[in-house]
Amino acid sequence: MMEWTYAPAPESASLANLKPTYRPFIGGEFVDGGGQPLKTVNPATEEVLAEVGTAAAEDVDRAVAAARRAYEQVWGPMPGAERAKYLFRIARMVAERARELAVLETLDNGKPIRESRDVDVPTASAHLFHHAGWADKLGYAGLGPDPQPLGVVGAVIPWNFPLLMAAWKIAPALACGNTIVLKPAETTPLTALVLAEIAADAGLPAGVLNVLPGAGDVGEALVGHGGLDKVAFTGSTDVGKEIQRRLAGAGRRLTLELGGKAANIVYDDAPLDQAIDGVVDGIFFNQGHVCCAGSRLLVQESIAEEFETLLRARIETLRLGDPLDKNTDVGAINSPAQLERIVDLAAAGDAEGAQRWTSSCPLPERGLFFPPTVFSGVEQTMRVAREEIFGPVLSVLTFRTPDEAVAKANNTRYGLSAGIWTSNGAKALWTAQRVRAGVVWANTFNRFDPTAPFGGYRESGFGREGGRVGLEAYLRA
């Protein structure tokens, strides 16, 4: 009997309105940067998408100076209700250009168009809408009767959710009356630059938002710049530690959202089909390029064998391939360096005695891809259980009692997120109260809302983004 499958349903790449060249955005204008231009690449085909001008040290100076002028002369003194109008306008324009932004994000990042279309762009727009609503209500946020902006914010964002991370930084900073200099990731600068174009079209005053593409040297120059009042960084734990060392004693505010090694705990009374889909979404969403990915599955011993059989059967149905195909579940790995890291850590799992199982899905002949992979028989000392792989690799451990589940979940240097699967509400609450993670999901995973704060403990960073609590990082009481 022939196996039935979906016919290809590709989205048109032309919708992205790709330009041959892009430039930094400083002081309300796209300008030539002093850095060496970089070529941004489609990871699914390894073809060049566009040439992007990058910033040099003097461009960082210009951007910070432009942001300072805008803060002191225009944006800081502006009433919150007026600032809200700009943010609402930008939010609407992001929503209006959602299809274009989704295709552009998929081309530049490698994630499936279904995720860009249904998650990334709508959530970015939602964050802008939500914070626009706060702009004239800051005195009622419980942060003092007359909270004031900090000044100029330097923000550095990663490559896994380029547009969404930009919105997470820009929306609260601007709503609170700050101006911002944003440094997007080296491999995914395009949607941040289109967001700058949208801001300009919305009439945002010059200098309120500045975008500086480039590599790590640009980020380093920005976070160390003496003209900033706050640094907001999302990225790797190692870089976050270096930033914290550099800014110690500098008198600048700092928030860090770093790596994770989340536990997804499945009790024996969990709704199995629901839990299977939650575990799959928790680790294979965005190819596992998620700081809060549920990369450690902790399953109760009494159901472990049955659960893993069902899990493998579900993973076999995942379609890996062209990210622009609306039927694709698992897209491309963002860069050769990230693919190499995934391959190396998976090899470490083999070397340390874990049992590797890999989906039989065929890999495309070109592009950067890694198949969905599960390691069973994992011990807590193994690298695949301790280190953030940031790829479609799941480690399976077992437990017998709730106390053991919590102990194993907390046996990590990270503390960003966790998942709990059970039909018993009291057990879910008991577990959530004991798991040391900034976000704990119960019978779901990877659900985000701009009204809810997000952030971590331990080496997953500090500070919160989103919701009323997230405003605090951008205000001076």
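Predicted model only: the values in this text are computed from it and were never measured. Heavy atoms only: backbone and side chains are in, while hydrogens, waters and symmetry mates are out. Note that the numbering runs from 1 along the sequence shown for the chain.
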Hey, would you say the [X] and [Y] ring centroids sit under 6.0 Å apart?
X    : Y    : result
W168 : F454 : yes
W134 : Y140 : no
F445 : W441 : yes

Side chains of [X] and [Y], heavy atoms from C-beta outward: is any pair under 4.5 Å?
X    : Y    : value
F448 : C292 : yes
P271 : T422 : no
V121 : E105 : no
F284 : D329 : no
L475 : N178 : no
N160 : N334 : no
V181 : V153 : no
Y457 : L416 : no

(message) If the test is side chain to side chain contact (heavy atoms under 4.5 Å, CB included), which one of V194, L195, L193 qualifies with V211?
(response)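 When side chain to side chain contact (heavy atoms under 4.5 Å, CB included) is applied between V211 and each of V194, L195, L193, only L193 qualifies.
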
(message) Against W357, only a single residue in I315, V396, T373 fulfils side chain to side chain contact (heavy atoms under 4.5 Å, CB included); can you say which?
(response)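 The passing option is I315.
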
Side chain of [X], backbone of [Y]: donor and acceptor closer than 3.5 Å?
X    : Y    : result
Q355 : G353 : yes
H131 : H127 : yes
Q287 : P392 : no
H289 : F390 : yes
R246 : K241 : no
R468 : A141 : yes
W75  : L174 : yes
N411 : Q380 : no
E100 : L15  : no
S395 : V384 : yes

(message) Please determine whether side-chain hydrogen bond (donor to acceptor under 3.5 Å, both in side chains) holds for the pair T255 and K230, giving the CA-CA distance in whole Å, both sets of side-chain angles, and the decisive distance to 0.1 Å.
(response) CA-CA 8 Å; T255 50; K230 173 185 167 59; 2.8 Å; yes

Please tell me whether [X] and [Y] have a donor and an acceptor in their side chains that are separated by less than 3.5 angstrom.
X    : Y    : value
W159 : N109 : no
T451 : D449 : yes
T187 : S335 : no
T431 : Y267 : yes
S423 : D269 : no
T237 : E459 : no
E388 : S295 : no
D322 : T328 : no

(message) Would V330 and R319 count as a side-chain contact (heavy atoms from CB on, under 4.5 Å) here? Give the steps.
(response) CA-CA 6 Å; V330 182; R319 296 176 295 275; over 6 Å; no

Is the shortest side-chain N to carboxylate O distance from [X] to [Y] below 4.0 Å?
X    : Y    : result
D273 : R314 : no
R114 : D325 : no
R253 : D229 : no
R312 : E308 : yes
K169 : E465 : yes
K408 : E404 : yes
R464 : E257 : no

(message) R413 vs R458, test: side-chain contact (heavy atoms from CB on, under 4.5 Å). Steps then yes/no.
(response) CA-CA 6 Å; R413 61 192 177 107; R458 298 174 176 169; 5.9 Å; no

(message) Show, in sequence, the C-alpha distance, side-chain angles and deciding distance for S360 and E316, and conclude whether the side-chain hydrogen bond (donor to acceptor under 3.5 Å, both in side chains) test is met.
(response) CA-CA 7 Å; S360 61; E316 282 286 359; 2.6 Å; yes

Atom pair [atom1]/[atom2] of [X] and [Y] - distance to nearest 0.5 Å:
X    : Y    : atom1 : atom2 : value
L107 : L190 : CG    : CG    : 8.5 Å
L222 : L228 : CG    : CG    : 5.5 Å
R92  : S125 : CZ    : OG    : 10.0 Å
L311 : I276 : CG    : CD1   : 5.0 Å
E387 : D344 : CD    : CG    : 10.5 Å

How close do [X] and [Y] get, counting heavy atoms only, and between which atoms?
X    : Y    : answer
A304 : T398 : CB-CG2, 3.8 Å
P364 : G321 : CG-CA, 4.0 Å
G391 : I342 : CA-CD1, 3.6 Å
T381 : R386 : O-NE, 2.8 Å
L182 : P184 : O-CD, 3.5 Å
V266 : A275 : CG1-CB, 4.3 Å

(request) Measure up the F88 and F129 rings against each other and bin them: parallel (under 30°), tilted (30 to 60°), perpendicular (over 60°). (result)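 Judged by the thresholds at 30° and 60°, the geometry between F88 and F129 is tilted.
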
(message) Checking Q300 against F399 for the side-chain contact (heavy atoms from CB on, under 4.5 Å) test, could you report, in this order, the C-alpha distance in whole Å, the side-chain angles of both residues, the deciding distance, and whether it holds?
(response) CA-CA 5 Å; Q300 198 149 15; F399 66 90; 3.7 Å; yes

(message) Is it the case that atom CD in E340 sees more than 12 heavy atoms from other parts of the structure closer than 6.0 Å?
(response) no

(request) Evaluate the side-chain contact (heavy atoms from CB on, under 4.5 Å) criterion for residues V435 and N410: first the C-alpha distance (whole Å), next the side-chain angles of each, then the deciding distance (0.1 Å), finally the verdict. (result) CA-CA 6 Å; V435 172; N410 289 339; 4.0 Å; yes

(message) Would K111 pass as a cation-pi partner of F161, given that its NZ or CZ must be under 6.0 Å from the six-membered ring centre and within 45 degrees of the axis?
(response)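 Yes.
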
